[in-house]
A.B. asks: 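Dumping the structure here so I can ask a few things about it.
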Amino acid sequence: MSHSEEETPNVERIEAPLVFEKRPGARAVFQLGRFSMPETLFLTELLGLPVYDLKGRRIGRVRDSAVVPLVDPFRVDRYLIGAGVAWLTVRHDQVQSITLDGIRLGDEVLLPYHDDEHMLRISRDLLDQQIIDVDGCKVVRVNDVTFEVRSENSHDCLRVLEIDVGIRSIFRRLFQGALPRRWIRRLQSPIPPNSIRWELCNIVEPDPQRRVRLNISHASLEQIHPADLADIVEELSPDNREAIFETIDNEVAADALSEVDPRMQASILESLETERAADIVEEMSPHEAADVLAEMEEATSQEILEEMESEPKSEVRELLEFDEDTAGGMMNTQYIALHENARVDDALAALRGNEDLHENLNTLFLIDDEGRLKGAVPLARLFVASGSAALKDLTSDTLIEAPVDEKRDRVTELFDKYNLLALPVVDEEGKLAGVITADEIISVLRQK
């Protein structure tokens, strides 16, 4: 079969049936007693497809296609046709039929193409771009796009079905224009497809104004576990990382940022507006915030601190005074401490009033009137004691603590030797200054 045969719509053919995947709810078109169009069409097949007017005259070839997300995020709304040196625009409702032989128009009133930022151009804006597979929690590169061919109001239209990322799509790209489209379909059939449903794809658009015009939201990313979101962020380009952190919820951004490599944390925050960076840092735990600000240029970290609210700002400033290789630099100032004469009911009330600490909380601490550390109560012991029981009767047999200037290696040794989940840190007067958790030790060991 020659290229001229492939592109001539009126040449009669007798061919073996094509092999293609069945798509639920889709259909195939039959014309003149022969198979004319499978139910799906690939972007590689659409590009270069000839376009014919009502009299069967070729007026140009498809150069690109576009979705208008504000109107319909799935339907191809426009086809951009190269006609000599000019480009023309074909609306979806001007198309009569779409086959592998070409596109036939039902309306010839065509307009010159003008770029419109409300349009997401499939070839220009998607092909070879990084997008996020929300379901698989990974970053993929677009090799091709699969469209579903539908009949609507007596004319054919295309709807974006899947993003193709596997070897099969690379095969199509490799032989695009070198072999007839039907030949490529036959040759690719032994290769298993690898694709992502369009509704599970999250496009990353660095331009904030264009994000709005294209109605691009990263709300789906906020449902991903922070560790998975951090892995995604680390795979993106710097501009795309910035685009993600500009739009997601502050708390989600803080949780994800805490899972990212420290040097990348600083890079991300430095790329954001100071006010936005401060909003994210405020949601981080004080010691994590201090760690990332310590990685940044002093002038930049001070600008972010100035934008923060007073309470978290003061806690972070205090932690920044400690060397990062000491217990003071490793500790967290978010903990629950009660008076040494408190009872179980008091502890339960404190727990109810600090729900945001529950995820990493496993120990309560007892202090005297001067704030000096007097004991540690494992959280589990509260649930087997009566409400009137004194907390000091539930304390651990041996109280292990560390001074604020204790070296990091010694702190790690204490966790290993005594199988600790939390280590209280005290100042030179024995007052409780903060707590180091096992999570922090794990992070330290991972960085070695």
Side-chain angles (χ1 to χ4, degrees), residues 69-70 117-118 120 125 129-132 134 137 139 201-320 324 332-334 356 359 443:
L70 287 170
E117 289 194 343
H118 290 86
L120 178 69
D125 298 331
Q129 300 300 313
Q130 284 183 316
I131 64 169
I132 299 171
V134 177
C137 298
V139 177
C201 296
N202 200 286
I203 301 167
V204 185
E205 171 54 58
D207 185 349
Q209 292 185 341
R210 193 157 187 263
R211 276 201 301 272
V212 175
R213 294 189 181 103
L214 292 177
N215 195 30
I216 292 175
S217 168
H218 297 312
S220 57
L221 298 182
E222 296 176 1
Q223 309 304 316
I224 296 177
H225 190 282
D228 291 327
L229 183 53
D231 288 342
I232 288 172
V233 166
E234 289 178 343
E235 292 185 54
L236 294 172
S237 66
D239 286 345
N240 289 343
R241 289 182 200 132
E242 179 184 348
I244 295 296
F245 278 92
E246 281 180 344
T247 55
I248 58 176
D249 176 78
N250 291 340
E251 187 175 349
V252 174
D255 289 341
L257 194 65
S258 299
E259 301 283 345
V260 174
D261 178 81
R263 284 170 293 184
M264 188 177 290
Q265 289 179 356
S267 175
I268 291 170
L269 288 177
E270 288 171 344
S271 70
L272 301 174
E273 294 290 336
T274 304
E275 185 176 351
R276 173 62 179 163
D279 290 340
I280 294 174
V281 172
E282 284 177 357
E283 296 294 335
M284 301 176 72
S285 65
H287 83 285
E288 289 175 336
D291 287 346
V292 67
L293 291 177
E295 291 284 339
M296 303 170 68
E297 294 289 338
E298 185 175 355
T300 305
S301 64
Q302 287 301 319
E303 289 177 2
I304 293 174
L305 277 169
E306 290 302 321
E307 288 289 337
M308 292 173 62
E309 295 181 1
S310 58
E311 185 176 347
K313 180 198 302 185
S314 61
E315 291 182 346
V316 174
R317 281 192 187 278
E318 289 177 12
L319 291 175
L320 284 171
E324 64 178 354
N332 192 346
T333 55
Q334 293 181 324
D356 55 326
E359 185 174 348
S443 298

A.B. asks: Do P206 and N240 come within less than 4.5 Å of each other through their side chains, counting heavy atoms only?
C.D. replies: yes
A.B. asks: Not counting sequence neighbours, which residues clear side chain to side chain contact (heavy atoms under 4.5 Å, CB included) with P238? List them please.
C.D. replies: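 P238 satisfies side chain to side chain contact (heavy atoms under 4.5 Å, CB included) with R241 once adjacent residues are dropped.
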A.B. asks: If we ignore angles and hydrogens, is there a donor and acceptor under 3.5 Å between the side chains of D255 and S258?
C.D. replies: no
A.B. asks: Residues two or more places apart in sequence or in another chain: which of them pass salt bridge (charged side-chain N to carboxylate O under 4.0 Å, His left out) with E246?
C.D. replies: R211
A.B. asks: Working to the nearest 0.5 Å, report the span between CG of L320 and CD of E318.
C.D. replies: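 The distance works out to 10.0 Å.
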A.B. asks: T300 side chain to M296 main-chain N or O, any donor-acceptor pair under 3.5 Å?
C.D. replies: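 No, because the side chain of T300 does not come within donor-acceptor range (under 3.5 Å) of the backbone of M296.
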A.B. asks: Not counting sequence neighbours, which residues clear side chain to side chain contact (heavy atoms under 4.5 Å, CB included) with N332? List them please.
C.D. replies: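 Expected list: S285, P286, H287, Q334.
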A.B. asks: Can you check whether E311's main-chain N or O pairs, donor with acceptor, with E309's side chain at less than 3.5 Å?
C.D. replies: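 The answer is no, because no donor-acceptor pair under 3.5 Å joins these two groups.
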A.B. asks: Show every salt bridge (charged side-chain N to carboxylate O under 4.0 Å, His left out) that has at least one partner inside residues 276-293, sequence neighbours left out.
C.D. replies: none
A.B. asks: State the CD-CG distance between Q130 and D239, to the nearest 0.5 angstrom.
C.D. replies: 10.5 Å
A.B. asks: If you measure from CD on Q302 to CD on E307, what distance do you get to the nearest 0.5 Å?
C.D. replies: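 Here the interatomic distance stands at 12.5 Å.
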A.B. asks: Distance-only, no hydrogens or angles: does the E295 side chain make a donor-acceptor pair with backbone N or O of R263 under 3.5 Å?
C.D. replies: no
A.B. asks: Say you draw a straight line from CG of D356 to CD of E251; how long is it, rounded to the nearest 0.5 Å?
C.D. replies: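 That separation rounds to 9.0 Å.
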A.B. asks: Output yes when R210 and E117 qualify as a salt bridge under the 4.0 Å nitrogen-oxygen rule, no when they do not.
C.D. replies: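 Looking at E117 together with R210, the answer is no, because their closest N to O distance does not fall below 4.0 Å.
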A.B. asks: Taking side chain to side chain donor-acceptor pair (under 3.5 Å) as the definition, give me every residue that meets it alongside E306, ordered by chain and number, with sequence neighbours left out.
C.D. replies: R317
A.B. asks: Without placing hydrogens or testing angles, list every side-chain donor-acceptor pair under 3.5 Å for residues 228-235, not counting sequence neighbours.
C.D. replies:
from	atom 1	to	atom 2	distance (Å)
E234	OE2	D261	N	3.3

A.B. asks: What's the separation between atom CD in E303 and atom CD in E275, rounded to the nearest 0.5 Å?
C.D. replies: 13.0 Å
A.B. asks: Ignoring hydrogens and angles, write down the donor-acceptor pairs under 3.5 Å from the side chains of residues 216-225, residues two or more places apart or on other chains.
C.D. replies:
from	atom 1	to	atom 2	distance (Å)
S217	OG	A219	N	3.1
H218	ND1	N202	OD1	2.6
S220	OG	N202	ND2	2.9
E222	OE2	D249	N	2.9
H225	ND1	A227	N	3.0

A.B. asks: Quick one: pull up CG in L214 and CG in L120 and give me the separation to the nearest 0.5 Å.
C.D. replies: 5.5 Å
A.B. asks: Which atom pair, heavy atoms only, marks the closest approach of L257 to M284?
C.D. replies: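 Closest approach of L257 to M284: CD2-SD, 4.0 Å.
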A.B. asks: Could you tabulate the donor-acceptor pairs under 3.5 Å formed by side-chain atoms of residues 267-274, not counting sequence neighbours?
C.D. replies:
from	atom 1	to	atom 2	distance (Å)
S271	OG	I268	O	2.6

A.B. asks: Give me the atom names and distance for the closest heavy-atom approach of D207 to Q209.
C.D. replies: OD1-N, 3.1 Å
A.B. asks: Measure the shortest side-chain to side-chain distance between L236 and I244 over non-hydrogen atoms and say whether it is less than 4.5 angstrom.
C.D. replies: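 Yes - at least one pair of side-chain heavy atoms lies under 4.5 Å apart.
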A.B. asks: Where do F245 and A256 come nearest, in terms of heavy atoms and distance?
C.D. replies: CZ-CB, 4.4 Å
A.B. asks: L293 and V316: side chain to side chain contact (heavy atoms under 4.5 Å, CB included), yes or no, with the steps?
C.D. replies: CA-CA 9 Å; L293 291 177; V316 174; 3.7 Å; yes
